[in-house]
Amino acid sequence: MDVLVALAISIGVLIAGWTYVASPDVAGLPVWAGIVAWGCFFAAGGKTTGLSKTIASNLSGVFWAFLLLQALPRFGGSTAALSLLVGLAAFFMVLQAKVSILSFIPGAFLGAATAVSVVSRTGADAFANPWIKTVIALVIGALLGYLSEMLAGAIAGRKRATA
């Protein structure tokens, strides 16, 4: 079987399961956070290197978002303060790429944006413990990316061997 078709099958099955498990009725995790990390896994090159870079960069982005949102009230909470702090966080997310495991810059930006998105939700559907749930969803999403890649390889290999 074609590897891309095998990957489509593995991702289709796994993402359906992830959507169910992460849903508000089950684990209450932000589904989209896992999907963001899943995409980062492939964008970072896949395999164990993509997995480690995705997890490290996504979580570094969460860290920078946390610092930014904690500092914002101390700087007055204005749009100007927010702009300055976002610029500073972006500076550090790019600069940290000098460290190999943090060299996937898009992962840091996506981790930060995902964290801010989850934390800033309001209303009846807001997440309890949003920082923790964001981290859990990002890590699981990266692991699902790795698993989908491995499963696709097994499906493609097994089908080829029997054909």
Side-chain angles (χ1 to χ4, degrees), residues 1-68 89-121 125-163:
M1 175 181 294
D2 178 84
V3 175
L4 191 57
V5 172
L7 186 61
I9 292 168
S10 71
I11 290 175
V13 169
L14 291 172
I15 208 163
W18 164 248
T19 301
Y20 178 80
V21 169
S23 74
D25 297 336
V26 182
L29 295 170
V31 174
W32 74 92
I35 294 170
V36 165
W38 205 322
C40 284
F41 166 79
F42 286 102
K47 312 232 181 301
T48 55
T49 300
L51 178 63
S52 60
K53 285 185 175 189
T54 294
I55 292 172
S57 65
N58 282 172
L59 297 187
S60 75
V62 172
F63 169 76
W64 292 114
F66 177 80
L67 288 182
L68 181 155
F91 171 83
F92 285 112
M93 286 189 282
V94 173
L95 193 61
Q96 74 184 10
K98 289 182 175 245
V99 177
S100 179
I101 198 159
L102 299 172
S103 63
F104 184 55
I105 296 170
F109 279 84
L110 290 165
T114 300
V116 170
S117 174
V118 174
V119 169
S120 66
R121 288 184 58 138
D125 64 345
F127 291 96
N129 304 310
W131 293 104
I132 293 167
K133 290 193 174 196
T134 301
V135 167
I136 291 169
L138 287 169
V139 171
I140 290 173
L143 291 170
L144 286 168
Y146 183 80
L147 179 61
S148 64
E149 182 180 63
M150 296 301 106
L151 183 58
I155 292 169
R158 183 174 51 241
K159 297 291 184 184
R160 248 188 254 129
T162 61

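Note that the numbering runs from 1 along the sequence shown for the chain. Heavy-atom basis, side chains included; hydrogens, waters and symmetry copies ignored.
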Participant: How long is the span from the CH2 atom in W64 to the CZ atom in F91, to the nearest 0.5 Å?
Facilitator: 9.5 Å
Participant: Can you list everything that forms a side chain to side chain contact (heavy atoms under 4.5 Å, CB included) with V99? Sequence neighbours excluded, please.
Facilitator: I101, L102
Participant: Do you know which of V36, L29, V62, V139 makes side chain to side chain contact (heavy atoms under 4.5 Å, CB included) with T134?
Facilitator: V62
Participant: Return the minimal non-hydrogen interatomic distance between G46 and E149, and the atom names on each side.
Facilitator: CA-OE2, 3.7 Å
Participant: Could you grab the distance from atom CG of L144 to atom CZ of F41, nearest 0.5 Å is fine?
Facilitator: 10.5 Å
Participant: Hey, are the side chains of S60 and F92 touching, using non-hydrogen atoms and a 4.5 Å cut-off?
Facilitator: no
Participant: At what distance, to the nearest 0.5 angstrom, does CD1 of I55 lie from CG of L59?
Facilitator: 7.0 Å
Participant: Work out which heavy atom in N58 is nearest to a heavy atom in G107; give both atom names and the distance.
Facilitator: ND2-O, 2.8 Å
Participant: Check K53 against F104 and note the closest heavy-atom contact, atom names and distance.
Facilitator: CB-CB, 4.2 Å
Participant: Looking at every heavy atom in both L138 and A33, which two are closest together, and how far apart are they?
Facilitator: CD2-O, 3.4 Å
Participant: Mark yes or no for whether T114, through its side chain, and G111, through its backbone, hold a donor-acceptor pair below 3.5 Å.
Facilitator: no
Participant: Strictly distance-based, threshold 3.5 Å: is any side-chain N or O of T54 a donor or acceptor partner for the main-chain N or O of L51?
Facilitator: no
Participant: For the pair D2 (side chain) and V5 (backbone), establish whether a donor and an acceptor sit closer than 3.5 Å, ignoring hydrogens and angles.
Facilitator: yes
Participant: Which pair of heavy atoms, one from A37 and one from A142, lies closest together, and at what distance?
Facilitator: CB-N, 3.6 Å
Participant: Would a 4.5 Å heavy-atom cut-off, applied to side chains only, mark V119 and F66 as touching?
Facilitator: no
Participant: Atom CD1 of I136 and atom CH2 of W131: how far apart are they, to the nearest 0.5 Å?
Facilitator: 14.5 Å
Participant: Donor-acceptor check, side chain of S52 to backbone of T48, threshold 3.5 angstrom: yes or no?
Facilitator: yes
Participant: Quick one: closest heavy-atom pair of W18 and G34, and the distance?
Facilitator: CZ2-CA, 3.8 Å
Participant: Looking at CG of L14 and CH2 of W38, how far apart are the two atoms once the value is rounded to the nearest 0.5 Å?
Facilitator: 5.0 Å
Participant: Once you round to the nearest 0.5 Å, how far does OG of S103 lie from CD of Q96?
Facilitator: 9.5 Å
